Amino acid sequence: MVVQRIFKIWWAAAKIETTGLVMLSTGWVFYSRNSKFVTYTTAEPEFGNKFWKTRNPHNNPPVCIDMCEKKVSLSQLKTTDSEALTRGFASGVFGGWGFEIQRRLLERSNRTLEGRDGDLWEREDLAKSQYQEGTRIADHFEVVARTPTQVAVRCGDSPTERGLRGSDGVFSMEVDKDDKFAYFRMKSFFFNSTPEGASAGPLSPVMQFLHRQYTKVWMEFSVRQLLK
């Protein structure tokens with residue numbers, strides 16, 4: 001499958017990290033128990049907006065779509081400011097240990113390629129970035145939407161590939177609040193945006209499992225940095 005081939009570095013990192021987690025499965029299940037996957041489908045209103053019509057002009061089905069959510073009491077957080085939480089959420093994902101293996105694999109294979117000088121590569125830079133629209137991360141992610149409550153990145157291939165892709169996707173980190181809790185959400189939508197993507201099938205159960213565990217790694221490592 002094209003998506004699996006081009007996502008090979010992502011999958012390699014997921015396999016390395018989740019293999020270790022499986023070996024410590026009981027502890028990992030307990031540690032990540034509050035990161036939960038909730039219902040998220042293409043019936044959501046957001047998929048009818050201009051952003052998605054531009055990203056997925058052929059309205060192709062996803063090969064992977066899911067949302068992970070972690071609810072945290074506002075009293076446990078260092079700050080309750082939405083912008084600070086959103087920026088911290090994103091910087092915790094890409095500047096934290098959860099991304100480190102993938103970052104190193106991407107750096108080894110892609111950093112010296114032409115046109116990658118403007119990307120963020122170092123953990124220190126990833127940790128302090130504001131993640132404004134247009135920010136490129138390790139030749140695999142580019143911020144394509146940024147609000148005080150959201151950082152969404154395009155993924156699946158190099159940001160230098162500007163057109164439709166056989167391996168495409170949007171990964172969104174979002175923060176919502178009520179009067180007692182903050183809700184940290186990671187939304188994944190992976191797909192083939194070319195005309196051929198109309199017949200793309202879903203990821204295998206093994207790939208789906210690895211993806212979800214890797215998402216939990218990012219969620220746990222990031223959110224815990226925001227706690228008091």
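Note that the coordinates shown come from a computational prediction; the quantities given were computed from them, not determined experimentally.
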Interatomic distance, Y214 atom OH to M207 atom CE [nearest 0.5 angstrom]: 14.0 Å

Under the salt bridge (Lys or Arg N to Asp or Glu O under 4.0 Å) test, which residues partner D125, sequence neighbours left out? K128

Measuring from F209:CZ to Q213:CD, what's the distance to the nearest 0.5 Å? 4.0 Å

Check the side chains of H140 and N110 for a donor-acceptor pair under 3.5 angstrom, ignoring hydrogens and angles. no

Kindly compute the distance separating CZ (R154) from CD1 (I137), expressed to the nearest 0.5 Å. 14.0 Å

N192 and T194: side chain donor to acceptor below 3.5 Å: yes

Salt bridge flag under 4.0 Å for residues D139 and R111: no

Kindly give the cluster partners of Y183, where membership spreads through any ILVMFWY side chain lying under 4.5 Å from a current member. F181

Quick one, S158 with R116, criterion side-chain contact (heavy atoms from CB on, under 4.5 Å). Give me CA distance, side-chain angles, the key distance, then yes/no. CA-CA 9 Å; S158 170; R116 275 66 173 184; 3.3 Å; yes

Give, for atom OG of S32 and atom NZ of K216, the distance between the pair rounded to the nearest 0.5 Å. 4.0 Å

side-chain contact (heavy atoms from CB on, under 4.5 Å) filter on E124, not counting sequence neighbours, yields E122

Please identify each residue that fulfils ring-ring contact (aromatic ring centres under 6.0 Å, His included) with F189, with sequence neighbours left out. F47, W52, F191

Donor-acceptor under 3.5 Å (S193 side chain, R165 main chain): yes

Could you give me the CA-CA distance, side-chain angles and deciding distance for K177 and L85, then say whether side-chain contact (heavy atoms from CB on, under 4.5 Å) is met? CA-CA 10 Å; K177 296 186 304 181; L85 289 174; 4.3 Å; yes

Salt-bridge test for E44 and K187: reply yes if a basic N is under 4.0 Å from a carboxylate O, no otherwise. no

CE (M186) and CE (M219) are apart, to the nearest 0.5 Å, by 4.5 Å

Quick one: does D66's side chain get under 4.5 Å of H211's, heavy atoms only? yes

So, do V72 and L77 sit near enough that their side-chain heavy atoms are less than 4.5 Å apart? yes

Would you check if there is a donor-acceptor pair between the side chains of Q150 and T86 at a distance under 3.5 Å? no

For E133, enumerate each residue passing the salt bridge (Lys or Arg N to Asp or Glu O under 4.0 Å) test, keeping only those at least two apart in sequence or located in another chain. none

Partner residues of S91 under the side-chain contact (heavy atoms from CB on, under 4.5 Å) criterion, sequence neighbours left out: R87, Y131

Answer yes or no for R103 and F99: cation-pi contact, defined as NZ/CZ to six-membered ring centre under 6.0 Å and angle to ring axis within 45°. no

Would you please say whether a donor-acceptor pair under 3.5 Å links the side chains of Y40 and E46? yes

Among the clusters formed by ILVMFWY side chains lying less than 4.5 Å apart, do V170 and V38 turn up in the same one? yes

Calculate, to the nearest 0.5 Å, the distance between atoms CZ and CZ belonging to F94 and R123 respectively. 13.5 Å

Between S129 and L126, is there a donor-acceptor pair closer than 3.5 Å when you use the side chain of the first and the backbone of the second? no

Look at the side-chain heavy atoms of Ile, Leu, Val, Met, Phe, Trp and Tyr, link any pair under 4.5 Å apart, and say whether L226 and L74 land in one connected group. yes

Do the side chain of K78 and the main chain of Q225 share a donor and acceptor less than 3.5 angstrom apart? yes

same_hphob_cluster(V93, F37) at 4.5 Å side-chain heavy-atom cutoff: no

Close side-chain approach of V223 and F89, heavy atoms under 4.5 Å: yes

I would like to know whether V144 and V153 meet side-chain contact (heavy atoms from CB on, under 4.5 Å); could you show each step before the answer? CA-CA 5 Å; V144 292; V153 296; 5.8 Å; no

Between W218 and F171, does the ring centre distance come in under 6.0 Å? yes

Pairs touching residues 103-126 that satisfy ring pair (Phe, Tyr, Trp, His ring centres under 6.0 Å), sequence neighbours left out: none

Linking directly or through intermediates, with side-chain heavy atoms under 4.5 Å: list the remaining ILVMFWY members grouped with L164, chain and number order. none

Under the criterion side-chain contact (heavy atoms from CB on, under 4.5 Å), I'd like the reasoning laid out for T42 against I65: C-alpha separation, chi angles, the key distance, then a yes or no. CA-CA 8 Å; T42 54; I65 179 173; 4.0 Å; yes

With sequence neighbours left out, what residues match N34 under side-chain contact (heavy atoms from CB on, under 4.5 Å)? K70

N-O pairing of E107 and R104 below 4.0 Å: no

Quick one, Q132 and V143 - any side-chain contact, counting heavy atoms below 4.5 Å? no

E142: which residues meet the side-chain contact (heavy atoms from CB on, under 4.5 Å) condition with it, sequence neighbours left out? R136, P159, R162

Taking salt bridge (Lys or Arg N to Asp or Glu O under 4.0 Å) as the test, write out the residues that go with R55, two or more places apart. none

Residues in salt bridge (Lys or Arg N to Asp or Glu O under 4.0 Å) with E161, at least two apart? none

